[in-house]
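Since the structure comes first, as structure tokens, the remarks are kept for the end.
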Amino acid sequence: MTSKFVDVWYGDILLAKEDEPYSDKYYWSALNTQEREKAETFTRQLLQKKFIKTRAKLKRILAVYLQTDPQTLVLEYTEYGKPYIKQDCDIYFNLSHKKNKFVIAVSNIDELGIDIELCKDRKNMSGMVKKCFSEIESHFWSSLAVEQQTYMFYRFWVRKEAFVKAVGRGIALGLNQCVVDSNKQSGFISIPFAYGQPEDWSIIDVKLDDEDICAVVLKTTDKFEFKLMRSQHNA
Ligand SMILES: CC(C)(COP(=O)(O)OP(=O)(O)OC[C@H]1O[C@@H](n2cnc3c(N)ncnc32)[C@H](O)[C@@H]1OP(=O)(O)O)[C@@H](O)C(=O)NCCC(=O)NCCS
């Protein structure tokens, strides 16, 4: 049996020219015609830059696993917007970005999702908890000391968002549909029936820098090797 792995790539999307060790050509050359055409449609330069760099980084990382030229790699989307590699292969991925940070999870386990959030206070946190957390999660969160609430809000949030991305439905599924086990927090106590049993799923709490909170969710009960890779602008 092939051994299972999950690699998480974590890095910055450098948007300032002076910080940039690579030329625009380096990024542009990873894109295919369709992606270049999409890049041309952005009217705001910053968003265009972000698209080009994120896509190029993603393709350069995936190309290493597939031992191929990034330009020839074709990404398609499911009807709900989940990207996947069009070529027949056993490599799967998901990505998330917040501000200038990105995370990319790459694995040979096919159902996976990842989310990164910036751990910062937000005005309507208890309103968001009411709306997006299940009753049991809400109860657990409300019982925490105030100084723990912001961190734990995001810890729960990223696990839930990684789940809805793993199943490919996105936020439309409803974040309150999957319930994180407040006791051990490394699994779910309930998920929608269509996606199997809660114990079929694993959660990885990924430790990044202090302000970045991240989780990966995967449908597997097999053992897997997990690695965190820092992307030093070399992908
Ligand atoms: C997926 C989703 C939860 C991401 O939320 P977010 O916190 O704003 O963004 P993140 O940075 O964490 O993730 C964005 C990435 O998720 C991926 N993604 C988008 N839709 C996805 C889905 N349904 N499942 C898994 N991953 C998805 C994309 O790669 C996207 O990055 P890209 O736009 O650079 O390619 C949210 O955008 C969503 O629910 N989208 C689905 C919308 C939908 O139902 N569309 C149907 C018509 S296309």
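For clarity, every value in this text was computed on a predicted model and none was experimentally measured. Atoms within a ligand are numbered from 1 in the order they appear, just like the ligands themselves.
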Protein residues that have a heavy atom under 4.0 Å from any atom of ligand 1, sorted by chain and number:
Glu79, Tyr80, Gly81, Lys82, Pro83, Asn94, Leu95, Ser96, His97, Lys98, Asp115, Glu161, Lys165, Gly168, Arg169, Gly170, Ile171

Partner set under ring-ring contact (aromatic ring centres under 6.0 Å, His included) for Phe188, not counting sequence neighbours
Phe163

Please indicate whether Leu47 has more than 12 foreign heavy atoms, meaning atoms of other residues, nucleotides or ligands, lying under 6.0 Å from its CG.
yes

Minimum side-chain heavy-atom gap Asn32-Lys59 below 4.5 Å:
yes

Using the test ring-ring contact (aromatic ring centres under 6.0 Å, His included), find all partners of Phe153 that sit at least two apart in sequence or belong to another chain.
Phe133, Trp157

Side chain to side chain contact (heavy atoms under 4.5 Å, CB included) filter on Asn108, not counting sequence neighbours, yields Thr2, Lys4, Phe5

Establish whether Met125 and Ile136 are linked, either directly or via other cluster members, by ILVMFWY side-chain heavy-atom contacts under 4.5 Å.
no

